[in-house]
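I have a structure here, written as structure tokens, and I will follow up with some questions on it.
All of these numbers come straight from a predicted model, not from anything done at the bench. Note on naming: letters A, B, ... go to the chains in the order of the sequence lines (proteins, then strands), and numbering restarts at 1 for each one.
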Amino acid sequence: MPELPEVETVRRGLAPVMEGRKITRVILRRSDLRKPFPKGFQKRIEGARVKTVARRAKYLLLHLDTGDVVIWHLGMSGQVRIYAKGEAVPKPQKHDHVEFHLQHGATIRFTDPRRFGLMDLGFEDTLDQHALLKDIGPEPLSNHFSAPVLQARLSGKRIAIKQALMDARVVAGVGNIYASEALYRAAISPKRSAASIGPKRAAALVGAIVGVLSAAIRAGGSTLKDHRTTDGELGYFQHSFAVYGRPGEACPDCDCNVAKTGGIKNIVQGGRATFYCPRRQR
DNA sequence: CTTTGGGCCTGGACGC
DNA sequence: TGCGTCCAGGCCCAAA
């Protein structure tokens with residue numbers, strides 16, 4: 001699934017169920033996802049208590065009272081489902097790979113058809129140095145993210161701004177959908193070079209990124225193929241997309257003649273689809 | 001150093 | 001109905 005709002009939606013579902021509870025049992029139905037589970041994975045987790053469920057970029061972080069941290073990525077197609085105590089847990093299907101059984105009876109199930117997700121272990125006191133996390137840029141919804149910070153991270157980059165926004169070293173958690181949406185909100189062309197973003201555009205972009213991510217979180221994320229909340233509910237922010245997946249349509253702020261202009265354009269950048277309005281975005 | 005392209009997987013949509 | 005092709009929210013790594 002998953003860009004930042006979808007992962008945050010899952011985090012918010014997991015936190016009240018997992019925090020303060022012991023993990024009584026871990027079931028792995030295969031030995032790897034995108035990469036193998038680390039050695040001793042189950043053993044290091046079982047019996048530990050979850051202190052907090054946090055998030056960094058698109059990674060969920062289960063902080064355990066042993067000092068270990070479960071680093072959990074949902075990949076492209078990962079879904080998390082919570083079954084409350086007493087609720088029937090359906091028989092495992094083909095792509096149900098992991099289960100966490102919790103003290104007091106809840107079950108957390110991870111389903112990931114494409115297996116681009118992963119689970120790893122890190123240590124709380126050196127978590128920032130972990131290979132998966134050490135190069136990740138500022139969290140967009142934290143106070144470490146600002147126009148000067150963004151502009152500095154874009155300076156000297158020869159790539160297009162759209163591709164720069166999807167580089168986790170520039171800003172954490174922005175993927176293909178929200179990169180297009182944020183650029184639309186900021187009225188910046190996705191083709192513009194990253195280095196040409198000055199103070200004014202950087203400020204607009206920061207506002208746009210924060211705005212679109214916050215709105216998406218409030219809506220429970222976006223559901224294209226398979227994102228669900230941990231209750232199995234659909235997120236509905238996809239209905240608020242201005243440009244993503246709407247080629248040929250009029251953008252929300254356009255008063256132009258779509259029959260003439262062709263409306264929202266769909267181009268490919270770095271092998272990924274980009275949607276934008278050439279008249280509104282410069 | 002930065003940037004590009006291929007690869008990892010499965011499933012669904014589409015054209016014939 | 002079946003088959004082939006293309007595409008999909010992410011990320012790593014080798015190569016240029």
Side-chain angles (χ1 to χ4, degrees), chain A residues 1-11 29-38 55-60 71-80 93-98 110-120 130-137 140 152-183 190-191 193-196 209 212-213 216-217 219-229 234-241 243-247 266-275:
Chain A
M1 27 162 166
E3 297 186 33
L4 187 154
E6 292 74 40
V7 180
E8 178 62 20
T9 299
V10 171
R11 189 198 70 76
R29 296 210 160 82
R30 54 180 299 130
S31 63
D32 66 327
L33 294 172
R34 180 180 165 69
K35 56 184 224 173
F37 291 93
R55 178 188 57 72
R56 176 78 172 103
K58 296 166 192 162
Y59 292 94
L60 290 166
I71 302 170
W72 180 5
H73 199 292
L74 305 179
M76 293 267 263
S77 58
Q79 287 184 61
V80 177
Q93 305 294 302
K94 190 173 170 186
H95 302 301
D96 296 340
H97 306 308
V98 181
F110 180 51
T111 306
D112 184 10
R114 286 175 75 181
R115 303 205 304 276
F116 283 0
L118 71 84
M119 288 191 192
D120 201 354
H130 192 283
L132 292 169
L133 305 175
K134 65 182 170 56
D135 293 324
I136 296 176
R153 287 178 171 265
L154 294 174
S155 75
K157 285 204 168 290
R158 307 163 75 94
I159 53 173
I161 182 62
K162 156 74 163 27
Q163 289 168 269
L165 290 182
M166 291 179 60
D167 182 342
R169 293 168 300 183
V170 171
V171 55
V174 177
N176 201 42
I177 293 176
Y178 296 106
S180 278
E181 291 296 312
L183 286 165
K191 297 195 283 192
S193 85
S196 75
I209 291 167
V212 76
L213 295 179
I217 290 169
S222 301
T223 304
L224 291 189
K225 287 190 169 71
D226 48 25
H227 166 69
R228 308 244 166 180
T229 71
L234 297 169
Y236 53 87
F237 190 71
Q238 66 278 10
H239 303 300
S240 303
F241 290 163
V243 290
Y244 186 87
R246 301 181 176 279
N266 177 10
I267 62 173
V268 175
Q269 292 179 290
R272 311 299 302 278
T274 299
F275 299 88

Considering just the side-chain nitrogens and oxygens of A:His73, establish if one lies under 4.0 Å of OP1 or OP2 belonging to C:dC11.
->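 For C:dC11, OP1/OP2 do have a side-chain N/O of A:His73 under 4.0 Å.
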How is A:Lys58 classified with respect to the nucleic acid when contacts are heavy atoms under 4.0 Å: base, sugar-phosphate, or nothing?
->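 The answer is sugar-phosphate, as A:Lys58 gets under 4.0 Å only of primed atoms, P, OP1 or OP2.
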For A:Ser222, the option from A:Tyr244, A:Tyr178, A:Tyr236 that meets side-chain hydrogen bond (donor to acceptor under 3.5 Å, both in side chains) |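 Exactly one option meets the side-chain hydrogen bond (donor to acceptor under 3.5 Å, both in side chains) with A:Ser222, and it is A:Tyr178.
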Tell me: CD1 of A:Ile217 to P of C:dG9, nearest whole Å?
->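 Rounded to the whole Å, the gap is 19 Å.
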To the nearest Å, give me how far apart CD1 (A:Ile267) and C1' (C:dC7) are.
->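 Nearest whole value for this atom pair: 17 Å.
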Can you tell me how far P of C:dC13 sits from CG of A:Leu118, to the nearest Å?
->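 Answer to the nearest Å: 11 Å.
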When the distance from CD of A:Glu6 to P of C:dA8 is rounded to whole Å, what number comes out?
->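 From A:Glu6 CD to C:dA8 P: 16 Å.
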If you measure from the ring centre of A:Phe116 to the centre of the six-membered ring in the base of B:dC8, is it under 5.5 Å, with the planes under 30° apart?
->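 Whether judged by distance or by angle, A:Phe116 passes, so it stacks on the base of B:dC8.
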Are the side chain of A:Arg114 and the backbone of A:Gly75 linked by a donor-acceptor contact shorter than 3.5 Å?
->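 A pair under 3.5 Å: no.
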Donor-acceptor pair, A:Arg56 side chain versus A:Ile136 backbone, under 3.5 Å?
->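 Yes; at least one donor-acceptor contact below 3.5 Å.
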Are any of A:Lys94's side-chain N or O atoms less than 4.0 Å away from OP1 or OP2 of B:dG11?
->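 For B:dG11, OP1 or OP2 has a side-chain N or O of A:Lys94 closer than 4.0 Å.
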Rounded distance in Å - CD1 (A:Ile71) to C1' (C:dC11) =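 In whole Å, C:dC11 C1' lies 15 Å from A:Ile71 CD1.
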Walk me through it: do A:Glu8 and A:Leu213 pass the test side-chain contact (heavy atoms from CB on, under 4.5 Å)?
-> CA-CA 10 Å; A:Glu8 178 62 20; A:Leu213 295 179; over 6 Å; no
For a quick test of your reading: what N or O donor-acceptor pairs under 3.5 Å do the side chains of residues 158-166 of chain A make, sequence neighbours left out?
| from | atom 1 | to | atom 2 | distance (Å) |
| --- | --- | --- | --- | --- |
| A:Lys162 | NZ | A:Asn176 | OD1 | 2.8 |
| A:Lys162 | NZ | A:Thr274 | OG1 | 3.0 |

Between C:dC12 (P) and A:Arg115 (CZ): distance, integer Å =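 Distance check: A:Arg115 CZ to C:dC12 P gives 18 Å.
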According to a strict under-4.0 Å criterion, is A:His95 in side-chain N/O contact with OP1 or OP2 of B:dC9?
->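 Checking A:His95 against B:dC9: no side-chain N or O falls below 4.0 Å of OP1 or OP2.
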Base, backbone or nothing for each nucleotide of nucleotides 1-7 of chain B, written B, S, -, heavy atoms under 4.0 angstrom, 5' to 3'?
-> --SS--B
Does the side chain of A:Tyr59 get closer than 4.0 angstrom to OP1 or OP2 of C:dG10 through an N or O atom?
->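 No, A:Tyr59 has no side-chain N/O under 4.0 Å of OP1/OP2 on C:dG10.
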What is the distance from CD of A:Gln79 to P of C:dG10, rounded to the nearest Å?
->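 Result: 16 Å.
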Gap between atoms CG and P, on A:Asn266 and C:dC7 respectively (whole Å) |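 Interatomic distance, CG of A:Asn266 to P of C:dC7: 10 Å.
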Passes side-chain contact (heavy atoms from CB on, under 4.5 Å), A:Leu74 versus A:Glu6? Steps please.
-> CA-CA 10 Å; A:Leu74 305 179; A:Glu6 292 74 40; over 6 Å; no
Strand DNA chain B in bracket notation, Watson-Crick/G-U under 3.5 Å with | for pairs to another chain = .|||||||.|||||||
Please determine if a side-chain N or O atom of A:Arg272 lies less than 4.0 Å away from the OP1 or OP2 oxygen of C:dG10.
->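 For C:dG10, OP1 or OP2 has a side-chain N or O of A:Arg272 closer than 4.0 Å.
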DNA chain C: 5'-proximal contact among A:Arg114 and A:Leu132 (nearest heavy atom) =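 Result: A:Arg114.
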Sole residue of A:Leu60, A:Val98, A:Ile71 in side-chain contact (heavy atoms from CB on, under 4.5 Å) with A:Met119 |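 The passing option is A:Val98.
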Assign A:Ala168 to base, sugar-phosphate, or nothing according to its heavy-atom contacts below 4.0 angstrom with the strands shown.
->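 Since no nucleic acid heavy atom lies under 4.0 Å of A:Ala168, the category is nothing.
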Would you find a donor on one side and an acceptor on the other, under 3.5 Å apart, between the side chain of A:Asn266 and the backbone of A:Pro247?
->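 Not confirmed, A:Asn266 side chain does not pair with A:Pro247 backbone.
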Atom CZ of A:Arg169: over 12 foreign heavy atoms under 6.0 Å =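 Counting other residues, nucleotides and ligands, CZ of A:Arg169 stays at 12 neighbours or fewer.
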Are the charged groups of A:Lys35 and A:Asp120 less than 4.0 angstrom apart, N to O?
->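 Answer for the salt bridge query: yes.
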